[in-house]
Structure formats: C-alpha cells, structure tokens
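All values reported here derive from a predicted model rather than from experimental measurement. Note: hydrogens, waters and symmetry copies are ignored here, and every other heavy atom, side chains too, is used. All chains are named by letter (A, B, ...) in the order of the sequence lines, taking the proteins before the strands, and each is independently numbered beginning at 1.
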Number of protein chains: 2
Amino acid sequence: MRIADASTGGAPSEFTTRARLRDAAIQCFAAEGFGASVRTIAARAGVSAGLIRHHFGSKDALRAECDAAVLERHRSLKTEGLVAPANAMAQLAESDEHGATLVYILRSVQDGSAAGTAFIERLIDDAVVYSEEAVAAGILRPSADPVGRARLLVTNSVGGLIVLLSMHPEISLTDFKTVLAKTFEQIALPSLELYTYGVFADSSYLDQYLLYIGDPPGSRV
Amino acid sequence: MRIADASTGGAPSEFTTRARLRDAAIQCFAAEGFGASVRTIAARAGVSAGLIRHHFGSKDALRAECDAAVLERHRSLKTEGLVAPANAMAQLAESDEHGATLVYILRSVQDGSAAGTAFIERLIDDAVVYSEEAVAAGILRPSADPVGRARLLVTNSVGGLIVLLSMHPEISLTDFKTVLAKTFEQIALPSLELYTYGVFADSSYLDQYLLYIGDPPGSRV
DNA sequence: ACGGCGGCTATACACGTGAGTAGTATCCGA
DNA sequence: TCGGATACTACTCACGTGTATAGCCGCCGT
C-alpha cells in the first residue's frame with residue numbers, strides 16, 4: 001500500500017506508474033465512456049489488467065481517482081485565471097490534454113455520476129459569483145433569479161455540448177481538439193446573438209409569466 | 001416470422017403481445033437506460049426472457065422497434081398540433097405515458113444512438129420551420145444564422161434537460177411526470193428572461209465577433 | 001554478493017449478459 | 001375429434017466483465 005506516496009514522498013500525482021495508469025484511464029473513459037473495460041485501459045497503458053487492480057484495488061477506485069484528478073485539473077486551470085466567465089469551456093478545448101479533460105467531464109455529467117454532479121454544481125457556483133461581478137460591472141443584465149439564471153446557463157451550455165458531441169461518435173482517441181473546435185465554431189454566432197438580444201421580439205411571454213406567478217390560478221399544486 | 005402482422009392484418013402496433021412487450025421495454029429503457037437487461041424487461045411484462053427473443057430475435061431488434069414506436073408517437077403528437085414551438089417539451093411531460101416517451105427520447109439522445117440523433121435532427125428541422133413562421137409573424141427576432149440558431153436552441157434545451165435529469169437519478173418508474181414538472185418549473189423564469197432580453201448588457205461581444213469573422217486574423221487555421 | 005520487496009504478469013473464478021434449443025400448453029380450423 | 005400452428009417457458013451455452021491469487025523479475029540497500 002501507499003506505493004507512490006512512500007517513494008516520491010508526498011505528492012501522489014507525479015510521473016509514477018500509478019499516474020500513468022490513471023491518465024490512460026482518463027483518456028479511455030473520455031474516448032469510450034465509462035464502459036471502457038479495465039483490460040482496454042491496461043492495453044492503452046501497455047500493461048496487464050491485473051496491475052490496475054494491484055494499484056487501485058478496483059475499477060471504481062480507479063475511476064474515483066480519475067474523477068479527483070480531473071476535478072483538480074479543472075480547479076487549477078481556474079485558479080490560473082484561464083477560465084473566463086463567458087467562454088469557460090472554449091478555453092479547455094485548446095490543448096489536447098485539456099480536450100480529454102473536458103470530454104471526461106462531459107462524460108461524467110452525461111453519466112450522472114457524483115463527479116459529474118459535483119462538477120456541474122461547482123460550475124454553477126462559479127457562474128453565480130462571476131454573474132454578480134459582471135452585473136456590478138455593467139456587463140451582464142440583472143436577473144430576477146440570479147442563481148436560477150446561472151443554473152440555466154450552465155446546464156444548457158454543458159448539456160448542449162453533450163448533445164452535439166453525442167452526434168459525433170467518431171471521437172477517436174486523437175482529435176478531441178478538432179471536434180471541440182468545430183463544435184464551438186458552429187455555435188459561436190448563435191450563442192452570442194442569443195446572449196445579446198434573446199430570441200423573442202417583445203417581452204409579452206415574460207410579462208404573461210410574471211403575471212401568472214404573481215397570482216397563480218388554482219389549477220396547479 | 002411476421003407473427004403480429006399476419007394475425008391482425010396490417011397494423012403491427014395494436015394490443016398484441018408483441019406491442020405489450022415493446023411498451024414494457026420502452027418503460028424499462030426509460031427508467032434504467034439501455035443497459036436494462038432483457039430479463040428485466042421480461043419480468044416487467046410478466047413473461048419469460050425467451051419470449052422476447054422469440055418475438056424480436058435480438059435485443060437490438062427490440063430496441064429498434066422501441067425507437068420506431070417512440071419516434072412515431074412523437075410524430076403523431078406533432079400532427080395533432082399539441083407540440084407548440086416554444087414549449088415543445090413541456091407538453092410531453094403532461095401525461096405519464098408521454099412522460100416515459102420523453103425520457104426515452106432523452107435517453108436515446110444521451111446515449112448517442114441513431115434514434116437520438118434522428119430525433120434531434122427532426123426537432124431542429126421543426127424549429128427551423130417554426131422560427132421562420134414566428135419571425136414572419138413578428139414574434140421572434142430575425143437571426144443572421146437561422147438554422148444555427150435553431151440548432152443551438154434545440155441542443156441547449158434538450159441537453160439542459162438531460163443534465164438536469166441526470167442530477168436526479170431517482171426517477172423511479174412511477175413519477176416521470178413529477179420530476180419533469182419540477183424541472184420545468186425550475187427553469188421557466190430564467191428561460192423566459194434569457195429568451196426575452198439575453199444576458200449581456202450591450203452588444204459589444206457580438207459586435208466584436210462579427211468584426212472578427214468579417215476579417216479573421218491569421219492566427220487560426 | 002545477496003536477500004527481500006515492490007512492480008508486474010498469467011491464470012483462474014464468479015457473475016451477469018445475450019443468444020440458442022427443446023419442449024409444453026393452448027387455440028383454431030377442417 | 002384431431003392436427004397443426006402459435007404463444008410461451010425452462011434450460012443451456014458462449015462470452016465478456018470485474019475480481020482474485022500465485023508467482024516471476026529486477027532493483028536497491030546492506
């Protein structure tokens with residue numbers, strides 16, 4: 001037990017074999033989803049399947065470590081100031097390693113795992129903070145339901161990305177970056193339009209709804 | 001072969017055993033995802049696993065028939081005029097049977113299957129048509145990229161729904177309707193706000209991008 | 001030089017899956 | 001009444017999976 005820790009002395013995520021296996025797993029999970037077998041991961045890392053069990057004990061434990069690594073990678077990216085409020089995702093697609101990270105995160109969300117939920121909630125929390133700042137700075141319009149808006153923006157963006165990527169099952173291990181770039185290029189203009197002007201020509205739908213929730217008819221519970 | 005067809009004489013989707021099994025499969029797939037085993041489906045229908053193979057030949061064939069049935073169900077709903085442009089999804093959540101249909105569709109999209117892709121593309125095509133009409137009627141703002149906007153709106157809405165539902169794994173076979181209603185209630189106000197006013201306080205981001213694609217710097221390939 | 005130990009593999013096991021086969025019961029027409 | 005087809009079940013098989021164990025090889029401290 002405690003193999004890598006004991007040898008390197010504290011930092012478990014170095015260039016140890018354990019980290020190599022973990023990164024191979026991240027790439028496989030990103031490429032094929034979490035159905036990727038332990039043997040596939042082992043093959044990609046050029047080792048035998050038993051070694052993974054030797055290091056991690058179980059597939060679930062391996063995945064938990066992948067989750068932690070990816071979450072941590074995203075957190076460090078954020079503290080580096082790379083992740084801007086609006087185009088948070090686009091930044092991640094730049095490098096190929098980060099591309100795999102992004103796809104892994106999307107797969108986690110898609111899969112409904114705890115890591116995916118955690119990630120979404122973190123994004124929402126971030127968005128709430130960014131939104132407050134941006135509203136104060138006059139960049140964003142104020143909202144009647146700021147956290148609801150943040151939630152909507154995040155879930156829609158991430159979900160839209162998931163749908164778009166689901167429609168391209170040919171994300172062979174190599175071109176995460178390419179397919180992500182294409183996708184972003186596809187949605188950039190409509191997104192900016194939507195975020196700038198909305199889609200409705202006037203505010204009648206919103207006004208109706210505001211009236212409706214102000215004095216709701218008894219038909220609903 | 002051709003059991004139901006030969007007996008009922010033309011319409012394969014009646015109250016035949018075959019249709020019963022298919023509907024049980026749709027509910028199981030909606031509840032558990034497509035990993036639901038043939039035995040589970042059989043148990044739900046109150047029959048043995050072998051019978052499913054007897055009727056459909058394979059699990060894939062069964063799923064194909066479920067896909068077709070769901071797609072057809074949605075198409076008939078559309079021709080009934082029930083599906084309005086804006087709140088297309090909300091309608092489906094009303095009845096419980098349609099709730100299962102909706103969730104099945106979402107699962108198909110999430111899963112990246114051909115049926116899911118087909119469904120998304122159909123929704124986009126519909127949205128393009130509706131948008132044209134709505135723009136002509138002065139309800140929607142015109143767009144510089146109408147089909148891009150339709151694509152964005154559809155993928156974001158459906159994807160957002162998928163994400164939101166993924167975060168509630170407790171969709172026990174019974175309360176499709178409840179969880180869908182809660183979800184819609186949660187996003188209604190922010191959605192209307194977004195679609196009415198957007199989120200940006202001014203058009204500077206959009207203007208920048210329009211300039212950018214008008215004369216792109218050479219840094220990109 | 002050598003002895004122990006950690007990295008690593010080969011092999012096997014239990015389990016759940018989809019698929020296949022054989023056989024039984026039930027109904028319908030001649 | 002009977003014969004055949006059809007709905008249905010019980011049982012079996014092959015396969016891929018995650019998990020588990022036993023053992024080999026090379027490095028490193030003494």
Side-chain angles (χ1 to χ4, degrees), chain A residues 1-29 31-67 107 111 113-115, chain B residues 1-29 31-67 107 111 113:
Chain A
M1 314 302 174
R2 297 290 178 217
I3 302 157
D5 296 17
S7 60
T8 61
S13 52
E14 294 300 323
F15 295 99
T16 67
T17 300
R18 189 187 179 89
R20 265 182 50 233
L21 299 183
R22 186 202 57 202
D23 288 345
I26 290 176
Q27 292 190 329
C28 282
F29 285 149
E32 307 181 18
F34 295 104
S37 79
V38 175
R39 288 169 175 80
T40 301
I41 297 168
R44 177 170 187 82
V47 300
S48 113
L51 185 62
I52 290 185
R53 155 160 172 91
H54 172 67
H55 277 290
F56 300 95
S58 75
K59 187 185 182 179
D60 283 345
L62 167 62
R63 180 170 168 183
E65 203 147 320
C66 291
D67 289 344
R107 281 242 142 87
D111 170 79
S113 70
Chain B
M1 313 303 174
R2 295 292 178 213
I3 302 160
D5 296 16
S7 60
T8 60
S13 53
E14 293 300 321
F15 294 98
T16 67
T17 300
R18 189 188 180 89
R20 265 182 48 233
L21 299 183
R22 186 203 56 203
D23 288 345
I26 289 176
Q27 291 190 329
C28 283
F29 285 148
E32 307 182 17
F34 295 103
S37 79
V38 175
R39 289 169 175 82
T40 301
I41 297 168
R44 177 168 188 84
V47 300
S48 112
L51 187 62
I52 289 183
R53 158 167 166 87
H54 172 68
H55 276 291
F56 299 95
S58 77
K59 187 185 183 181
D60 283 345
L62 168 63
R63 180 171 168 183
E65 204 147 318
C66 292
D67 288 343
R107 281 240 143 88
D111 169 81
S113 70

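- Rounding to whole angstrom units, CZ of residue B:Phe29 and P of C:dG18 are separated by 9 Å.
- In terms of heavy atoms, B:His55 sits closest to B:Arg18 at O-NH1, 2.9 Å.
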Its contact letters, B for base, S for sugar-phosphate only and - for none at protein heavy atoms under 4.0 Å, make nucleotides 8-14 of chain C read BB--B--
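- The heavy-atom pair separating B:Cys28 from B:Ala36 by the smallest distance is O-CB, 4.1 Å.
- Taking every heavy atom of both residues into account, A:Lys59 and A:Ser37 meet most closely at NZ-CA, 4.4 Å.
- When rounded to the nearest whole Å, the span between CZ of B:Arg63 and P of C:dG18 equals 12 Å.
- Between A:Arg107 and A:Glu32, the shortest heavy-atom distance links the atoms NH1-N, 3.9 Å.
- In this structure, the CD1 atom of B:Ile41 is 16 Å from the P atom of D:dC8, given to the nearest Å.
- Comparing C:dA19, D:dG18, C:dT17 by their closest approach to the side chain of B:Arg53 singles out C:dA19.
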**A:Leu62 and A:Ile41: CA distance, side-chain angles, deciding distance, side chain to side chain contact (heavy atoms under 4.5 Å, CB included) verdict** = CA-CA 11 Å; A:Leu62 167 62; A:Ile41 297 168; 4.1 Å; yes
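- Whole-Å rounding puts the A:Phe56 CZ to D:dT19 P distance at 13 Å.
- The interatomic distance linking B:Lys59 (NZ) with C:dT17 (P) rounds to 9 Å, in whole Å.
- The salt bridge (charged side-chain N to carboxylate O under 4.0 Å, His left out) search around A:Asp111 returns A:Arg63, not counting sequence neighbours.
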